[in-house]
Amino acid sequence: ARQPANLTVSGSLRPRAFDALFQPLTAMASGVSAGDEAPKPVIIRGWLAGGLLMVELSLFGWGIAWRDEASTAMLDALTTGIALRPDRRQRVPVEVRDLEHSRTGFIDPPPGRPSCAIIQMRSPLTIRRRNSRHAEPSALLVACARRVNAMARWQGAQLVLDETALVARIAALDIDAEDWLRHAWTRHSRNQGDQPIAMEGWTGRLVFRGALGELAPLIQLAATCNIGTGAALGLGWFDAVVV
């Protein structure tokens, strides 16, 4: 928020990174239908590897315009400190040892006619319907389609999807949700006075069997950008095997 707006190559004023990555985006700015809030072109993921905290900040499509500003803000946030325990507001500074920039171009679709998708959640998935959370495993696939379609706008593209036909295909699948478990926790937000915020989602492993059709590439693409509520903050992150 402290960073000024920069100029584009042509000399025009570019929107501030804070406005693009944190403020609600209008339909005009992203091309989504009127009344829908556009998704942020950014996600943050974190995991432990050999005693080190790995943090990944990804920008999508036109979001690359704010790469330098986002990188600076991410480094500032880490060195300022993060809360390591849910019951404490004290933040612990993180020593940044290395910084790497990389770019992902495209993803190959699965060959043949995929008939099985194995999804393993790496962070809790929260899906809302009419302001309430629910745990229907089939809703994960609908969320994949909607998320990919929304994020495609940042690539200057739009998917051609028949959601009614998609829901019918999903309903015909066999779903193994034996390891689908509820998970609750709290987080703190500086923007909300560091007050504890109750969170709820579902974790575990889901297996979908049947004729996946157009669902197969949608699942693969959704694995790159998270799904559901809080996707930009790292929720709804999963690994997928589609065969």
Side-chain angles (χ1 to χ4, degrees), residues 39-40 42-58 82-87 104 107 109-110 114-151 163 166-189 196-243:
K40 307 298 186 293
V42 58
I43 63 171
I44 299 173
R45 292 171 170 177
W47 67 96
L48 294 175
L52 296 177
L53 171 64
M54 312 294 291
V55 179
E56 181 181 79
L57 172 68
S58 297
I82 61 176
L84 296 181
R85 296 183 181 180
D87 58 340
T104 301
I107 296 175
S115 60
C116 180
I118 302 172
I119 292 177
Q120 179 68 52
M121 301 304 305
R122 296 190 65 172
S123 66
L125 170 64
T126 299
I127 297 178
R128 293 181 180 273
R129 178 182 295 168
R130 299 184 182 90
N131 295 323
S132 63
R133 302 182 183 97
H134 66 95
E136 296 176 17
S138 61
L140 180 146
L141 298 180
V142 177
C144 285
R146 291 177 176 172
R147 175 71 169 170
V148 171
N149 191 32
M151 295 297 281
E163 189 163 307
L166 203 66
V167 170
R169 182 180 290 276
I170 294 171
L173 298 176
D174 292 327
I175 304 176
D176 180 355
E178 184 177 349
D179 297 326
W180 197 233
L181 304 172
R182 177 182 176 274
H183 181 68
W185 74 102
T186 59
R187 73 176 183 92
H188 296 271
S189 170
I197 301 172
M199 305 289 290
E200 181 183 28
W202 278 262
T203 62
R205 180 175 178 265
L206 295 174
V207 180
F208 300 90
R209 295 184 177 90
L212 295 176
E214 63 272 31
L215 285 169
L218 292 176
I219 293 171
Q220 286 187 307
L221 289 169
T224 71
C225 57
N226 300 0
I227 60 175
T229 302
L233 296 178
L235 297 183
W237 175 20
F238 65 88
D239 293 326
V241 176
V242 181
V243 293

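Here the structure is a predicted model, which means the values were calculated and not measured. What you see below is based on every heavy atom in this structure, not just the backbone, and it leaves out hydrogens, waters and symmetry mates.
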I'd like a table of donor-acceptor pairs (distance under 3.5 Å, sequence neighbours excluded) in which one partner is a side-chain atom from residues 225-238, with atom names and distances.
unit_1 : atom_1 : unit_2 : atom_2 : d
N226   : OD1    : R45    : NE     : 3.1
N226   : OD1    : R45    : NH2    : 2.7
N226   : ND2    : A231   : O      : 3.1
N226   : ND2    : L235   : O      : 3.4

Query raised in the report: Measuring from I118:CD1 to Q120:CD, what's the distance to the nearest 0.5 Å?
Result: 10.0 Å
Requested in this report: Can you sort out the partners of P217 under side chain to side chain contact (heavy atoms under 4.5 Å, CB included), two or more places apart, ordered by chain and number?
Outcome: none
**Report entry** Minimal non-hydrogen separation, T126 against G201, with atom names
**Finding:** OG1-CA, 3.6 Å
Query - Distance in Å, I43 CD1 paired with T224 OG1, rounded so as to fall on 0.5 Å steps - result: 7.0 Å
Report task. Output every pair passing salt bridge (Lys or Arg N to Asp or Glu O under 4.0 Å) with a member in residues 227-243, not counting sequence neighbours, ordered by first then second residue. Result -> R122-D239
Query raised in the report: Taking only residues two or more places apart in sequence or in another chain, which ones pass side-chain hydrogen bond (donor to acceptor under 3.5 Å, both in side chains) with R146?
Result: E163
Report task. With sequence neighbours excluded, give me every salt bridge (Lys or Arg N to Asp or Glu O under 4.0 Å) pair touching residues 205-219. Result -> R169-E214
Query raised in the report: Do you know which two heavy atoms are closest between L166 and A145, and how far apart they sit?
Result: CD2-CB, 3.3 Å
Side-chain atoms of residues 172-182: list all donor-acceptor pairs with protein atoms under 3.5 Å, sequence neighbours left out, distances to 0.1 Å.
unit_1 : atom_1 : unit_2 : atom_2 : d
D176   : OD1    : E178   : N      : 3.1
W180   : NE1    : A135   : O      : 3.0
R182   : NE     : E200   : OE2    : 2.3
R182   : NH2    : E200   : OE2    : 3.2

Which donor-acceptor pairs under 3.5 Å do side chains of residues 46-53 form with protein atoms, sequence neighbours excluded?
none

Query - Residues that S115 engages under side chain to side chain contact (heavy atoms under 4.5 Å, CB included), provided they are two or more places apart - result: none
Query raised in the report: Under the side-chain contact (heavy atoms from CB on, under 4.5 Å) criterion, do L140 and M121 qualify, and how do the steps go?
Result: CA-CA 11 Å; L140 180 146; M121 301 304 305; 4.0 Å; yes
Query raised in the report: Looking at I219 and A240, what are the two nearest heavy atoms and their distance?
Result: CG2-CB, 3.7 Å
Query - Heavy-atom closest contact (Q220 atom, P109 atom, distance) - result: OE1-CA, 3.5 Å
